[in-house]
Enquirer: 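Okay, handing you the structure first.
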Protein chains: 2
Amino acid sequence: MKTSLPEPERNRLKHALKSRNLRPTRQRTCVYGVILEKRDHPTADDIHLRVREKLPSISLATIYNCLDTLVECELVKQVHLDRAPTRFCPNRTPHAHFHCRDTGQVYDVSLDDKRLSAIEQFLPDGFTADTIELSFLGRGPETITVS
Amino acid sequence: MKTSLPEPERNRLKHALKSRNLRPTRQRTCVYGVILEKRDHPTADDIHLRVREKLPSISLATIYNCLDTLVECELVKQVHLDRAPTRFCPNRTPHAHFHCRDTGQVYDVSLDDKRLSAIEQFLPDGFTADTIELSFLGRGPETITVS
DNA sequence: GAAATAAATGGAATTATTCTAATCTACTCC
DNA sequence: GGAGTAGATTAGAATAATTCCATTTATTTC
């Protein structure tokens, strides 16, 4: 098993980094790979555990550094829910998040252009936003109910 | 100077607490007063400093406890922006937040029913949200520019 | 008004995040 | 093509945010 990151994603990473004069290090590649692999909105700590299986000596600080770089490159988004550790998400299309009170699971809620521009119009004159974060807290569809 | 909390707000607090079998302690009253006094979205730490002027021995843990109670009573809302400490806001009407990259200031952006229900419709069938958090990150109107 | 019960408090511990000094890498100039 | 150098990367140590839990304080019941 090599550094397991499919070619298209590897290229996307390489180009995004290059345009900012940064390098596709083993650590960055691996962190990006792990986030793409299981799209469950992991925390930095979750990611640390997963990356360690491949790079056993990597520290949590490096995970944060890599994540910050990926966020800067707009390959990864941060999700801030409750008073809880930040989560990370590789979905690059505009979307909101739904956080289930029962299961703790986080779902992506897609936002098309129409929705997005509707939200943008909430802003009073003179304000311009480059980042919009929308999150819902509530209950998702019932999971299997025991009779 | 007594515990400085105008009568209507004092009553609102008292009733909200009572309906949950909780008591309007000096600490809770003071924390609520401080949040209402300067509506600048303070962090727990900011609030601690301000409350200390009146109750010098109060601990930060108690501030968090009081805030959690106020949030439960729906008198105060939590605001989660970036990877930063949680902020608190006594605006009980539906609203979003705008966070200015330049000044760090946080503004309330009001959401009328029409806007609110538009957002609610983003949710797929089966999902119901009791809390919606919407925040913008960007630049606010120019502040005074030096020639 | 005392005992039983429930709530509130804050010091200590935990957890999330950032800082900084040391290391490494890739490019330039000879 | 190799040494020097500037800039990037790394991770241990420090800081900052939040929570836990044993103790204290308040309320209710009898």
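Just so we're on the same page: letters track the sequence lines, and every chain starts at 1. All values below were derived from every heavy atom in this structure, side-chain atoms included, with hydrogens, water molecules and symmetry-related copies excluded.
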Enquirer: Between A/Ala44 and B/Ile58, name the one whose nearest nucleotide on DNA chain C is closer to the 5' end.
Expert: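 Here B/Ile58 is the residue nearer the 5' end.
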Enquirer: Any side-chain N or O of B/Thr43 under 4.0 Å from OP1/OP2 of D/dA17?
Expert: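 So the side-chain polar atoms of B/Thr43 never come under 4.0 Å of the phosphate oxygens OP1 or OP2 of D/dA17.
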Enquirer: Quickly work out the B/Asp45 CG to D/dT15 P distance and round it to whole Å.
Expert: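 Roughly 16 Å, once rounded to whole Å.
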Enquirer: Give me the one residue out of A/Asp68, A/Ile47, A/Val34 that meets side-chain contact (heavy atoms from CB on, under 4.5 Å) with A/Ile63.
Expert: A/Ile47
Enquirer: Taking side-chain hydrogen bond (donor to acceptor under 3.5 Å, both in side chains) as the test, write out the residues that go with A/Arg139, two or more places apart.
Expert: A/Asp102
Enquirer: Listed in order of residue number, which residues of residues 60-68 of chain B have a non-hydrogen atom at under 4.0 Å from DNA chain D?
Expert: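 B/Leu60, B/Ala61, B/Tyr64 - these, ordered by number, are the residues of the stretch whose heavy atoms sit under 4.0 Å from the strand.
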Enquirer: Figure out the NE2/P separation between B/His48 and C/dG11, and round it to whole Å.
Expert: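 It is 9 Å, rounded to the nearest whole Å.
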Enquirer: Please report, rounded to the nearest Å, how far the C1' atom of C/dT9 is from the CZ atom of B/Arg52.
Expert: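 After rounding, the reported distance stands at 15 Å.
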Enquirer: Would you kindly give the CG-to-P distance between B/Leu55 and C/dA8, to the nearest whole Å?
Expert: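 In whole Å, C/dA8 P and B/Leu55 CG are 15 Å from each other.
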Enquirer: Please check if any side-chain donor atom of A/His95 sits under 3.5 Å from a side-chain acceptor atom of A/His97, or the reverse.
Expert: yes
Enquirer: Between B/Leu5 and B/Leu13, is any pair of side-chain heavy atoms under 4.5 Å apart?
Expert: yes
Enquirer: Is the number of heavy atoms from other residues, nucleotides or ligands under 6.0 Å of B/Asp113 CG greater than 12?
Expert: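 It does not: B/Asp113 CG has 12 such atoms or fewer within range.
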Enquirer: With distance as the sole criterion, is a donor-acceptor pair present between the side chains of A/Thr43 and A/Asp45 under 3.5 Å?
Expert: no
Enquirer: If I take atom CG in residue A/Asp82 and atom P in nucleotide C/dT15, what distance separates them, rounded to the nearest angstrom?
Expert: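 Taking atom P of C/dT15 as the reference, CG of A/Asp82 is at 18 Å.
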Enquirer: Atom CZ of B/Phe88 and atom P of D/dA17: how far apart are they, to the nearest Å?
Expert: 12 Å
Enquirer: Please confirm whether the shortest side-chain N or O distance from B/Gln27 to OP1 or OP2 of C/dA8 is below 4.0 Å.
Expert: no
Enquirer: Considering just the side-chain nitrogens and oxygens of A/Thr86, establish if one lies under 4.0 Å of OP1 or OP2 belonging to C/dT17.
Expert: yes
Enquirer: Under 3.5 Å, is there a donor-acceptor pair between the B/Thr62 and B/Asn65 side chains?
Expert: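 There is no such pair (donor and acceptor under 3.5 Å, judged by atom type) between the side chains of B/Thr62 and B/Asn65.
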Enquirer: Counting side-chain heavy atoms from C-beta on, which of D/dT19, C/dG11, C/dT17 comes nearest to A/Pro85?
Expert: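 Selected nucleotide: C/dT17.
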Enquirer: Verify the contact: side-chain N or O of A/Arg26 to OP1 or OP2 of D/dT9, cut-off strictly under 4.0 Å; return yes or no.
Expert: no
Enquirer: Just by distance, with hydrogens left out, do B/Asp108 and B/His41 show a side-chain donor and acceptor under 3.5 Å apart?
Expert: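 Looking only at side-chain atoms, B/His41 and B/Asp108 do form a donor-acceptor pair, the distance falling under 3.5 Å.
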Enquirer: Heavy-atom contacts under 4.0 Å between residues 11-24 of chain A and DNA chain D, which residues?
Expert: A/Leu22, A/Arg23
Enquirer: Check for a donor-acceptor pair, side chain of B/Arg39 on one end and backbone N or O of B/Ile35 on the other, with a separation under 3.5 Å.
Expert: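 Looks like no, no N/O pair under 3.5 Å.
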Enquirer: Rounded to whole Å, please give me the gap between CG in A/Leu81 and C1' in D/dT18.
Expert: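 Atom-to-atom, A/Leu81 to D/dT18, this comes out as 17 Å.
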